[in-house]
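The structure appears right after this line, and notes come after that.
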Amino acid sequence: MTMNARLEGLDWIAADWGTTRLRVWAMGADGRVLARAGSDRGMGQLDRAGYGPALLDLVGPWLGDRPDPVPVLVCGMAGARSGWAEAAYRAVPCAPLDPASATRPDGADPRLSVLILPGLSQSAPPDVMRGEETQLAGLIAARPGWNGVACLPGTHSKWARIEDGRVTAFRTFMTGELYALLAGQSVLRLSVMDAEPDLPAFDTAAASGAGLADLFSVRAAGLLGDVPAAAAAGRLSGLLVGAEIAAAEAFRAGAPLALVGAPALTSLYARALAAWDAGDPPLIFDGSEMALAGLTAARAALTKVPA
């Protein structure tokens with residue numbers, strides 16, 4: 001593709017801007033993905049002036065010379081207070097997305113018309129989400145009429161209640177961040193040593209119900225015997241994920257469950273749920289696909305074309 005060429009059939013661009021990654025999709029008017037790209041230029045690597053250039057680096061080859069700017073819909077941390085432009089939270093209960101309340105940032109290339117979607121907030125208990133609401137919109141679009149609880153595992157796992165196409169409540173668990181802190185900065189680092197978690201050790205720990213009360217056993221077991229680092233990592237991960245699932249049981253209240261996220265994480269959570277014998281197996285959805293489905297639904301709402 002030459003510098004002045006443009007991607008044939010490009011109608012709009014979807015962007016999922018996380019803390020560590022930026023993912024973009026070139027979309028056709030018929031909903032097809034024409035191209036995709038990504039970089040490690042997430043919110044954590046950018047100041048406010050860096051967002052426009054970071055986006056253009058990925059999508060510039062698609063643009064060429066155009067008479068009208070290409071619409072870009074962005075979800076995620078670009079709308080944070082320290083992001084490109086703050087997109088105010090919307091209070092639950094509400095539909096996960098309202099593209100009409102999106103924010104237009106400064107500093108975009110004139111060939112782009114950028115809108116940043118807002119996140120969701122909850123007053124009691126206080127909580128916020130930014131980015132996951134778009135995955136929830138994708139889940140609703142993929143399973144119309146589904147009611148239940150969605151678990152979105154990650155650095156800050158979200159559990160969200162979905163009723164009649166709306167998010168009515170949600171809770172955040174800092175499970176992924178706790179694992180990173182304990183494995184990298186606490187005394188447990190001496191046992192875990194950056195190893196990949198051993199799955200049998202994960203299963204046993206997740207099913208034990210010991211949770212936070214047994215964390216020091218990860219270190220003690222290594223001092224008293226020859227415990228491989230992978231087994232220690234698996235035990236630490238299983239204890240934390242098991243504690244999250246146990247703490248979320250009252251919130252879930254027996255409702256149908258969907259897991260939405262990276263395949264490696266949803267697989268771990270599915271294993272832990274099976275170890276807990278927590279009812280029917282959950283529906284499982286790829287988080288990237290659901291983010292794109294949510295952005296597509298938002299685009300359809302803006303153009304009044306059925307998704």
Side-chain angles (χ1 to χ4, degrees), residues 12-27 33 35-59 72-90 96-97 99 102-103 105 107-108 112 114-121 127-139 150-160 167 170 172-181 259-269 285-299:
W12 66 285
I13 294 170
D16 181 6
W17 216 315
T19 302
T20 60
R21 294 283 298 170
L22 166 60
R23 296 174 294 178
V24 294
W25 297 265
M27 305 298 296
V33 177
R36 64 187 73 209
S39 77
D40 61 359
R41 299 177 75 182
M43 182 194 73
Q45 288 74 48
L46 298 171
D47 59 17
R48 184 153 289 180
Y51 282 85
L55 178 61
L56 189 62
D57 282 348
L58 292 183
V59 308
V72 183
L73 273 181
V74 181
C75 70
M77 298 307 293
R81 185 169 299 173
S82 57
W84 193 352
E86 185 173 8
Y89 294 110
R90 298 168 52 243
L97 293 180
T103 296
L112 300 173
V114 180
L115 289 175
I116 302 175
L117 296 169
L120 298 182
S121 67
D127 213 333
V128 295
M129 71 167 69
R130 196 177 286 284
E132 295 91 351
E133 76 290 330
T134 307
Q135 294 177 321
L136 294 175
L139 169 61
C151 169
L152 298 87
T155 302
H156 297 160
S157 295
K158 306 290 185 182
W159 291 66
V167 180
F170 63 96
T172 299
F173 296 85
M174 295 176 61
T175 307
E177 185 168 358
L178 285 173
Y179 180 89
L181 290 170
L259 293 172
V260 181
L265 276 177
T266 54
S267 175
L268 269 185
Y269 274 65
F285 299 89
D286 180 270
S288 179
E289 292 178 1
M290 291 300 98
L292 178 56
L295 287 164
T296 301
R299 169 65 177 168

Worksheet entry | Result of checking R130, Q45, M77 against T19 for side-chain contact (heavy atoms from CB on, under 4.5 Å) |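 Going through R130, Q45, M77 one by one, the side-chain contact (heavy atoms from CB on, under 4.5 Å) with T19 is satisfied by M77 alone.
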
All N/O donor-acceptor pairs, side-chain side in residues 49-56, below 3.5 Å, sequence neighbours left out:
none

Worksheet item: In this structure, which one of H156, E132, K158 forms a side chain to side chain donor-acceptor pair (under 3.5 Å) with T172?
Response: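 Passing option: K158.
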
Looking at [X] and [Y], what are the two nearest heavy atoms and their distance?
X    : Y    : value
G107 : W84  : C-CZ2, 4.1 Å
A78  : I116 : O-CD1, 3.8 Å
P118 : A87  : CA-CB, 3.8 Å
Y89  : M129 : CE2-O, 3.6 Å
E133 : L97  : CG-CD2, 3.8 Å
L117 : T134 : CD1-OG1, 4.4 Å

Worksheet item: Should F173 and C151 be marked as a side chain to side chain contact (heavy atoms under 4.5 Å, CB included) after you check the CA-CA gap, both sets of side-chain angles, and the distance that decides it?
Response: CA-CA 10 Å; F173 296 85; C151 169; over 6 Å; no

Worksheet entry | Donor-acceptor contact below 3.5 Å, side chain S267 vs main chain A264 |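 A pair under 3.5 Å: no.
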
Discussion item. Any side-chain to backbone donor/acceptor pair from R48 onto G83? Under 3.5 Å, distance only.
Written reply: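 Yes; judged by distance alone, with no hydrogens or angles, the pair exists.
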
What distance do [X] atom [atom1] and [Y] atom [atom2] have between them, rounded to the nearest 0.5 Å?
X   : Y    : atom1 : atom2 : value
L73 : D16  : CG    : CG    : 12.0 Å
R36 : L58  : CZ    : CG    : 13.5 Å
R90 : S121 : CZ    : OG    : 9.5 Å

Worksheet item: With sequence neighbours excluded, what pairs up with R41 under the side chain to side chain donor-acceptor pair (under 3.5 Å) test?
Response: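 Residues passing side chain to side chain donor-acceptor pair (under 3.5 Å) with R41: D57.
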
Discussion item. Once side chain to side chain donor-acceptor pair (under 3.5 Å) is applied, do any residues pair with W159, and if so which ones, sequence neighbours excluded?
Written reply: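 For W159 the side chain to side chain donor-acceptor pair (under 3.5 Å) partners, ignoring immediate neighbours, are E244.
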
Would a 4.5 Å heavy-atom cut-off, applied to side chains only, mark [X] and [Y] as touching?
X    : Y    : value
W12  : T296 : yes
L295 : C75  : yes
V59  : V72  : no
M27  : I13  : no
Y269 : T175 : yes

